[in-house]
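Working notes, structure below.
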Amino acid sequence: MHSFTTVFNNYSWEETLDSIYRKTPDDVLRAIYTPKRSLEDFKALLSPAASQYVKLMAEESRRLTLKRFGKTIQLYIPLYLSNECQNICTYCGFSYDNKLERKTLTDAELLAEAEFVKSMGYRHVLLVSGEANQTVGVDYFENALKLIGPVFDHVSMEVQPLDEHEYKKLMSHGLENVLVYQETYHREDYKIHHPKGKKSNFDYRLETPDRIGRAGVRKMGLGVLLGLDDWRADCFFTGLHVNYLEKAYWKTQYGISFPRLRPCSGGLPPKLPVSDRDFVQIISAYRLFKPEIELSLSTRETPEFRDQLIHLGITSMSAGSKTNPGGYTVASQSLEQFEISDERKVPDVIQAIKSQGYEPVWKDWDKTF
Amino acid sequence: MNDQLIIGGRAFTSRLFLGTGKFGSNPIMKAAILSSGSELVTAALKRVEKGLEQENLLSTLELLKVNLLPNTSGARTAEEAIQCALLAREVFETDFLKLEIHPDPKYLMPDPVETLKAAEELVKLGFTVLPYIHADPVICKRLEDVGTAAVMPLGAPIGSNQGLVSRKFLEIIIEQSRVPVVVDAGIGRPSDAALAMEIGADAVLVNTAIAGAINPEKMASAFKKAVEAGREAYISGLDTLRSHAEASSPFTEFLDLL
């Protein structure tokens with residue numbers, strides 16, 4: 001069975017990084033002005049040489065986004081199911097070795113959270129959990145989907161990687177979108193950041209999008225945790241991954257998120273910080289390389305920065321997010337996965353989107369599908 | 001001259017149809033629709049929220065009193081499109097339906113096999129079906145045979161603003177069609193719309209080019225005029241192209257006397 005691993009193994013991290021760093025201003029300008037961009041063009045857009053052309057890239061990104069998506073911003077909100085986790089991740093508040101009170105939502109709590117989120121106007125919810133297969137496994141997710149199915153129009157999930165048949169099972173209960181982040185494509189550093197737990201299996205995680213694609217899930221989100229390693233190479237491998245998946249699973253719609261490492265309990269500082277300018281370069285590079293994919297922005301970024309990014313290439317945003325299980329209604333003090341930066345209330349974010357001339361879209365999916 | 005377009009028993013004076021998916025706000029969309037003079041606008045079921053108090057697409061369109069053309073955008077199979085159509089008929093209270101089935105999320109290319117299958121079924125269910133389809137003359141005839149009220153071949157990929165890249169095939173479709181031909185997708189400039197009308201299309205559908213303009217209201221007006229000019233040119237009988245001048249020659253003048 002073919003998988004991304006075969007493609008990935010043809011690349012060396014060091015050689016890839018080196019070739020990105022060797023790109024020249026001429027390579028960058030060609031990549032900006034060419035109508036169809038190759039993987040080499042994508043490298044140029046991510047290169048240090050491109051940093052002086054970020055403004056030009058952002059303008060092109062804006063133009064392509066308007067053409068494809070118009071002046072609309074989709075809205076979604078995360079709903080944390082559990083902070084139970086059997087993994088040790090050096091950067092995450094839910095890490096197994098963090099001493100914190102663990103919490104998994106009961107049916108009643110889940111429904112209370114769902115109703116509260118719906119009352120904020122949301123029709124699209126993203127279910128999130130740590131990786132604890134004994135307590136928060138496929139059966140738990142199946143039950144959760146049954147419970148909240150009638151409440152929302154669109155359900156996404158960002159949980160531990162599952163097997164193909166498990167994705168199929170969850171799809172039959174209304175799962176439409178699966179997000180899975182590789183965190184970093186640097187095989188050795190991945191091991192350092194994930195020393196224990198099922199997540200330490202780099203290859204199983206790397207092949208998760210293949211399993212999602214084979215299961216026929218409609219939408220899939222990829223990304224890396226910006227700051228864990230050199231973002232230029234990590235973003236290139238994300239693009240390479242999407243490039244492969246688009247050809248292999250051509251009916252699936254793809255999205256990319258770009259979470260920056262944020263403070264959390266027991267977390268580490270970014271190894272390689274990503275500046276705001278770098279961040280705009282990343283968004284623009286993804287947009288120029290893949291004009292049709294969805295680009296999502298979380299509340300990890302500051303309100304001022306998020307407001308500016310509305311124009312530059314993103315297509316969906318979360319607002320009013322809590323990153324702890326029960327955070328909306330039942331356990332507001334439980335430990336959050338990471339600190340959010342945009343703490344504005346939903347109506348304020350909506351107002352910010354509208355004042356920029358964009359329409360906030362609550363619903364872009366119907367159960368008929 | 002009464003130059004009405006009849007689709008599904010309904011008469012339209014305007015031959016410009018509008019899509020509603022990409023406007024920055026409902027007031028901007030409303031202004032563009034009014035300025036376009038359009039009498040038929042599309043709306044995606046996947047975006048519609050009926051019964052909510054907040055300002056939404058459906059209530060805005062209802063206020064404008066334009067004809068609604070619900071679409072099945074998002075459907076990947078005939079089965080999904082039919083489900084969507086049944087729900088759309090309830091929500092929008094119309095039999096009109098823009099049938100869209102595109103399993104490919106990148107270029108949104110219509111699936112001819114699933115579209116034909118769904119069209120046949122939907123016609124039997126009493127829908128007035130307007131299928132979005134590739135500029136393929138054969139599939140357009142097959143759709144007409146199963147009873148669609150019009151065909152909507154693409155000029156270019158959706159949202160691409162590339163104009164009539166499929167022109168040669170559109171001309172064949174227009175020549176052969178017994179149902180109205182609405183050129184959908186790819187129209188990026190008023191001149192593209194005028195050209196579509198000049199070659200004999202019955203109507204055009206535009207969204208991105210208007211919603212994405214700096215001034216959508218004014219751009220809608222520009223498209224209105226272009227469609228009218230193109231139609232007027234078509235029904236006036238455009239002179240044919242010539243590869244060289246046809247000056248009268250002294251060597252052939254005697255033929256006039258024969």
Side-chain angles (χ1 to χ4, degrees), chain A residues 35 62-74 118-124 153-154 176-177 216-220 242-243 245-247 249-255 290-294 310-311 315 346-347 350 353-369, chain B residues 19-29 44-50 52-58 60 70 72-77 79-88 90-91 102-109 111 157-162 188 207-214 216:
Chain A
R62 172 176 158 78
R63 193 183 67 77
L64 289 172
T65 310
L66 283 175
K67 198 167 107 178
R68 176 79 185 198
F69 298 91
K71 288 191 165 181
T72 60
I73 296 285
Q74 314 272 343
K118 192 186 179 187
S119 73
M120 294 159 85
Y122 283 102
R123 313 296 296 273
H124 174 190
D153 286 299
H154 189 275
E176 281 110 13
N177 184 11
V217 175
R218 287 173 170 276
K219 292 177 83 171
M220 191 190 313
V242 171
N243 214 36
L245 292 164
E246 277 184 339
K247 292 190 176 77
Y249 313 102
W250 62 278
K251 292 183 180 177
T252 300
Q253 194 175 340
Y254 297 92
K290 295 284 170 197
E292 66 287 342
I293 59 174
E294 295 187 355
I310 286 172
H311 294 275
T315 57
V346 176
I350 299 305
I353 294 172
K354 283 185 172 173
S355 68
Q356 313 269 342
Y358 280 67
E359 184 189 10
V361 175
W362 298 94
K363 176 178 181 276
D364 190 38
W365 192 254
D366 202 275
K367 286 204 174 64
T368 316
F369 307 128
Chain B
T20 57
K22 295 181 174 179
F23 288 95
S25 71
N26 280 343
I28 291 173
M29 178 187 76
L45 180 71
K46 64 177 188 170
R47 284 270 173 95
V48 166
E49 298 179 88
K50 188 137 176 125
L52 285 189
E53 282 177 15
Q54 68 197 68
E55 179 193 23
N56 66 45
L57 177 71
L58 190 54
T60 307
T72 60
S73 173
R76 298 192 304 182
T77 62
E79 197 187 334
E80 286 174 0
I82 292 166
Q83 282 299 316
C84 181
L86 291 168
L87 203 60
E90 258 180 61
V91 173
H102 32 68
D104 142 44
K106 188 171 180 177
Y107 286 105
L108 306 172
M109 285 293 149
D111 182 329
I158 290 184
S160 69
N161 289 341
Q162 289 175 26
N207 185 6
T208 304
I210 293 175
I214 292 168

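Proteins come first, then strands; the chains are lettered A, B, ... in the order of their sequence lines, and each starts at number 1. Source: prediction; values computed, not measured.
- Side chains of A:Y254 and B:P105 form no contact here, defined as non-hydrogen atoms less than 4.5 Å apart.
- Only the side chain of B:L108 comes within contact range of chain A, judged by heavy atoms closer than 4.5 Å.
- When heavy atoms are compared at a cutoff of 4.5 Å, B:T77 does not approach chain A at all.
- Chain B forms more heavy-atom pairs under 4.5 Å with one residue of A:G357, A:G70, A:P360, A:P291 than with any other, namely A:G70.
- In this structure, chain A has a heavy atom under 4.5 Å from the backbone of B:S25, while its side chain stays farther away.
- Contact of A:E292 with chain B is made through the side chain alone, with heavy-atom distances under 4.5 Å.
- Contact annotation for B:A75: both backbone and side-chain heavy atoms come within less than 4.5 Å of a heavy atom of chain A.
- By the 4.5 Å heavy-atom criterion applied to side chains, B:R76 and A:R218 are counted as neighbours.
- Remark: A:Q74 engages A:D364 in a side-chain hydrogen bond (donor to acceptor under 3.5 Å, both in side chains) (not counting sequence neighbours).
- Residue A:K290 touches chain B through its side chain alone, counting heavy-atom pairs closer than 4.5 Å.
- Evaluation of the side chain to side chain contact (heavy atoms under 4.5 Å, CB included) rule for A:L66 yields A:R62, A:K71, A:Y358 as partners, not counting sequence neighbours.
- The number of heavy atoms from other shown groups lying within 6.0 Å of CD (A:Q356) is above 12.
- The most heavy-atom pairs under 4.5 Å with chain B, out of A:I293, A:T252, A:I353, A:D153, come from A:T252.
- The closest side-chain heavy-atom distance from A:T72 to B:R47 is below 4.5 Å.
- A heavy-atom distance below 4.5 Å is not found between the side chains of B:K22 and A:K67.
- The candidate with the highest count of non-hydrogen atom pairs below 4.5 Å against chain A, out of B:A81, B:G188, B:S160, is B:S160.
- Between atom NZ of residue A:K363 and atom CG of residue B:L45 there is a gap of 5.5 Å, rounded to the nearest 0.5 Å.
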